[in-house]
Amino acid sequence: MKKYFIAVAALAFLAACSGKAAKDAPVLVEEESLAVAEAAPDAPSLPELPVVKAKPAKPINMRDSLKTDPKKGAVVQKKYKGTVPAADGPGIVYDLTLYYQQDSDDGVYELDATYLEAENNKDQTFTSTGKRKVKKGTPADASAIVYELIPSDGSMVFYFQAEGDSLTMLNQDLQKAASDLNYTLTLVQ
């Protein structure tokens, strides 16, 4: 009986510890009870032990995180997609969704970057979310509209120049690629 109790306690402890999520990610906790199935006839019955199971944190919906102002109009959602060159593979598929109010330069974004045949010929997707800000001008065009995408995890900032129904990737100096390769995402919805 003592071995059984120790095993149940160890499992409860492991269940409680194994649910640690990524840094700063919220964890939802649900308690379930674990009944002792077999008790020795002469041993006192043990109380039910709680088992803590961690559930994965619900992904953040960036549209819901957008702070809105009734004076700045309706919320706009634009989705862009395109495949850009990659140094060590056939390309990177960018799937970018922007959320902002029609009369605001601030907004939020969600970006999925899928590296084609990244590892062992399998695609690998990375997700970035954060704030979108509008900047005016580049070294080559003072009237250019530039979207600055600032990741919430503090990683490298992305820059895209708005050109009609497309966005062209820029480097950190707000310049287009010197090559003739395609770095453009096209509006899909």
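By convention here, the first residue in the shown sequence is residue 1.
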**Item:** Y159 and E148: side chain donor to acceptor below 3.5 Å
**Value:**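 Distance-only check passes for Y159 and E148.
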**Prompt:** Would you say the side-chain atoms of T127 and D112 include a donor-acceptor pair closer than 3.5 Å?
**Reply:** yes
Joint hydrophobic cluster, [X] plus [Y], side-chain heavy atoms closer than 4.5 Å:
X	Y	value
I150	L111	no
L149	Y100	yes
L170	Y147	no
M156	Y115	no
I145	M169	yes

**Complete:** Closest heavy-atom pair, V146 versus T138, reported as atoms and distance to 0.1 Å, is CG2-CG2, 3.5 Å
**Asked** How far apart are the closest heavy atoms of D173 and N171, and which atoms are they?
**Response** N-OD1, 2.8 Å
Using residues 86-97 as the side-chain source, report each donor-acceptor pair under 3.5 Å to any protein atom, sequence neighbours left out, with the distance given to one decimal.
from, atom 1, to, atom 2, distance (Å)
D95, OD1, K79, NZ, 3.2

Within the distance-only criterion (no hydrogens, no angle test), does the side chain of [X] pair as donor or acceptor with the backbone N or O of [Y] below 3.5 angstrom?
X	Y	result
T168	T184	no
S166	E163	yes
D165	L187	no
Q172	V157	yes
D153	S155	yes

Rounded distance (nearest 0.5 Å) linking atom [atom1] of [X] with atom [atom2] of [Y]:
X	Y	atom1	atom2	value
T83	L116	OG1	CG	6.5 Å
K81	Q189	NZ	CD	10.5 Å
Q161	Q175	CD	CD	11.5 Å

**Message:** Can you confirm if the NZ or CZ of R132 lies within 45° of the ring axis of Y109 and under 6.0 Å from the centre of its six-membered ring?
**Reply:**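 Negative - R132 is either too far from the ring of Y109 or too far off its axis.
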**Message:** Could you check whether Y80 and F160 have their ring centres less than 6.0 Å apart?
**Reply:**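 No, the ring of F160 stays outside the 6.0 Å limit from the ring of Y80, centre to centre.
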**Request:** Run the salt-bridge test on D106 and K133 with the 4.0 Å N-O cut-off and return the result as yes or no.
**Result:**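 Yes.
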